Amino acid sequence: MIATKPDEMGDWRRTHYSLEIVSKMEGKKATVFGWVSSVREQGGIVFLIINDKKGTVQITVHKDKAPKLVLEKLKYLREHSSIGVRGMVKSMNKAPHGAEIVPEEIRVLSTALRQPPFSLFGGRIPSIDKRLDIRAIDMRRPKAQAIFKMRHAVLTAIREFLISRDYMEVSTPKIIATATEGGAALFPLLYYDKEAFLAQSPQLYKEQLIMPFEKVFEIGPIFRAEESRTVRHLSEVVSVDVEEAFVSYEDVMKLIEQLIRHLVQALYEKCKEEMKLLERRLTTPSSTFECITYDDALKILDKEGLTVNWGEDLSTQALKALGGVMPKFYFIKDWPTSIKPFYIKPRDDKQDICEAFDFMYGSIELASGGSRVSSKRLLMRRLKEQGLKPKLFEYHLRTFDYGMPPHAGFGLGLDRLMMVLTGQENIREVAMFPRDQFRLTP
Ligand code: AMO
């Protein structure tokens, strides 16, 4: 029940964030906004704690001295309501950051109609499924805040890293005509009177874009109609796609090594507090990651008592076993051509092996990539070998008539990378509004 009409914000604007209310401001006026996270009364003094995006600030109301209107407002204040406070800063040792605000006026902008079904600031939290139902509130928990601040820092650092190396950020269509990633199922949709699909990957477009721009990257959504519900798969994720002309898969693998080192360093610079809160300690990876071939992987698995026949993909069980032996970042390269997509280049000396790699962290595949087929004839043959119709790819193949150079690239799953960097077991913890077979809202 709302006891009174909410106040208008009027001409009030924030003058300071919570963190800026410090003892040096003694005697100055401040206007802060945020959400009430606790109301406590002790010996005729009411302490309000207000949370904003940067932290907390204490508001102290002396009941015998406070303006009547402030006291009136206190009656209706409850946790989670959003309020504005204008008052005088007083230095106070016991308050967060050594200062508090003594309010001259309080505006209650929106009274919380109910309390969240779990405490945001401590105590047991329910399962992810229950939390996702009110995700925008769940994300106010300090640990969720830390995860998404780290995600933001990683996205910023990826852009910094690639742009400083002269890659151009591009945007490609997400409504597309043909599949590129054989195994993963497509989401069909009605595009006027035609069937179209949500993009599984920007693969063909990023390859085309190396013709005009040579070095490109895209950070955007990819869509996969995953059949099974796992802690590592979602139906929509963000992919960091990179593509470059005149390089091979070995070159882009080196780029991934440098990128990951840059990201870990950036997190230590910008997100120390967040990593501490999540109890995440990352060691800066060495400058070269371990790199095994697919054949090596089969040998390791054989030693672990797991037989995988040459030419078979590595099952979840096999990846788990491999992750037990190699728990950190590493590459698996030189895969059988038959289990990699049509656009991956077979090796010149041994056509049944291709210049593909997967980039791993333990048992999690974080990225895959490779050298691409740049010959139109070969690409048509590879399409046919994979049961696809070159005619449907005419719009793509056409580009190859105009001097398509050797090129290589990769797609890195941002959500899986964030699982690793923040130490989360379930991919849903690092996606703001995750989508899976059973979840289309919020
Ligand atoms: P691939 O299909 O391996 O390769 O996808 C690249 C990376 O995207 C992430 N990913 C997913 N993450 C969570 N849930 C999913 N359902 C999901 N699907 C994919 C993974 C994966 O390693 N075109 C190629 C890339 C290239 O060669 O450039 C591609 O899409 O982290």
Side-chain angles (χ1 to χ4, degrees), residues 154 158 167 170 172 174 176 178-187 197-210 215-244 247-249 251-253 255-256 259-260 313-314 316 319 329-333 335 337 339-345 354-373 382 386 396 407-421 424-431 434-437 439:
V154 166
I158 293 173
Y167 292 83
V170 297
T172 65
K174 302 302 156 214
I176 58 165
T178 50
T180 53
E181 313 306 323
L186 285 160
F187 285 112
F197 307 97
L198 290 178
Q200 291 169 312
S201 147
Q203 185 63 38
L204 305 185
Y205 292 98
K206 66 176 179 171
E207 284 192 53
Q208 295 198 21
L209 286 171
I210 60 100
K215 295 170 79 168
V216 295
F217 78 96
E218 174 163 17
I219 301 177
I222 58 170
F223 304 90
R224 311 274 171 114
E226 300 288 354
E227 291 286 309
S228 53
R229 188 172 192 269
T230 82
V231 291
R232 290 177 183 180
H233 291 85
L234 290 176
S235 318
E236 176 177 349
V237 289
V238 170
S239 170
V240 178
D241 275 273
V242 170
E243 202 67 26
E244 181 168 354
V247 294
S248 77
Y249 71 142
D251 301 300
V252 292
M253 285 160 73
L255 188 74
I256 290 183
L259 173 65
I260 298 296
D313 207 348
L314 302 184
T316 310
L319 290 178
F329 293 112
Y330 63 100
F331 291 103
I332 311 174
K333 68 169 187 174
W335 289 75
T337 307
I339 52 170
K340 283 291 175 185
F342 63 87
Y343 50 77
I344 297 281
K345 181 176 177 282
C354 64
E355 296 190 6
F357 67 85
D358 279 2
F359 173 53
M360 309 287 301
Y361 184 86
S363 61
I364 308 186
E365 180 205 307
L366 296 178
S368 59
S371 309
R372 318 302 191 185
V373 173
R382 294 284 300 124
Q386 300 225 342
H396 179 58
H407 57 289
F410 63 85
L412 167 69
L414 178 74
D415 304 80
R416 286 194 188 167
L417 177 66
M418 289 316 303
M419 284 174 74
V420 169
L421 296 177
Q424 302 302 304
E425 292 293 324
N426 191 333
I427 193 166
R428 289 161 186 80
E429 297 286 1
V430 302
R435 289 284 175 268
D436 65 35
Q437 210 179 346
R439 185 171 282 281

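Whatever order the structure lists ligands and atoms in, that order sets their numbers, starting from 1. In this chain, numbering begins with 1 at the start of the sequence shown. Values in this document were obtained by computation on a predicted structure and should not be read as measured data.
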Shortest protein heavy-atom distance from atom 3 (O) of ligand 1, along with the residue and atom involved: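 Here the closest protein heavy atom is Ser368 OG, 2.6 Å.
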Salt bridge Glu236-Arg428, side-chain N to carboxylate O under 4.0 Å: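 Arg428 and Glu236: not salt-bridged.
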Sidechain N-carboxylate O distance under 4.0 Å for Glu243, Lys215: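 Looking at Glu243 and Lys215, the cut-off is not met.
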Measuring from the heavy atoms of [X], does anything fall under 4.0 Å of ligand 1?
X      : value
Ala367 : yes
Ser239 : no
Leu366 : yes
Glu207 : no

Run the numbers for me: atoms of ligand 1, each under 4.0 Å from some heavy atom of [X], listed by number.
X      : answer
Arg232 : 13 (C), 14 (N)
Ser201 : 23 (N), 30 (O)
Gly413 : 7 (C), 8 (O), 9 (C), 31 (O)
Gln203 : 23 (N), 24 (C), 25 (C), 26 (C), 27 (O), 28 (O)

Counting only N and O atoms by type, is there a donor-acceptor contact under 3.5 Å from the side chain of [X] to the main-chain atoms of [Y]?
X      : Y      : result
Asn426 : Glu429 : no
Arg224 : Gln200 : yes
Ser228 : Thr230 : no

Region of Ile427 engaging ligand 1 - heavy atom pairs below 4.0 Å: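 Ile427 to ligand 1: side-chain contact only, backbone stays beyond 4.0 Å.
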Winner among Glu243, Lys206, Glu226, Arg224 once heavy atoms are compared against atom 16 (N) of ligand 1: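 Minimum heavy-atom distance to atom 16 (N) of ligand 1 goes to Glu226.
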Options Phe359, Phe357, Phe410, Tyr343, ranked by nearest heavy atom to atom 24 (C) of ligand 1, top entry: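 Closest candidate by heavy-atom distance is Tyr343.
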Close N or O approach (Gly411, ligand 1; < 3.5 Å):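 Yes, Gly411 has an N/O under 3.5 Å of an N/O on ligand 1.
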Distance-minimising heavy-atom pair for Lys206 and Asp241: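 So the minimum-distance heavy-atom pair works out to NZ-OD1, 2.7 Å.
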Heavy-atom pair of closest approach, residues Asp313 and Ile339: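 Closest approach of Asp313 to Ile339: CA-CD1, 3.8 Å.
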Scan the side chains in residues 356-367 for donor-acceptor partners under 3.5 Å anywhere in the protein, sequence neighbours excluded, and list what turns up.
unit_1: Asp358; atom_1: OD1; unit_2: Lys340; atom_2: NZ; d: 2.9
unit_1: Ser363; atom_1: OG; unit_2: Arg232; atom_2: NH1; d: 3.1
unit_1: Ser363; atom_1: OG; unit_2: Arg232; atom_2: NH2; d: 3.2

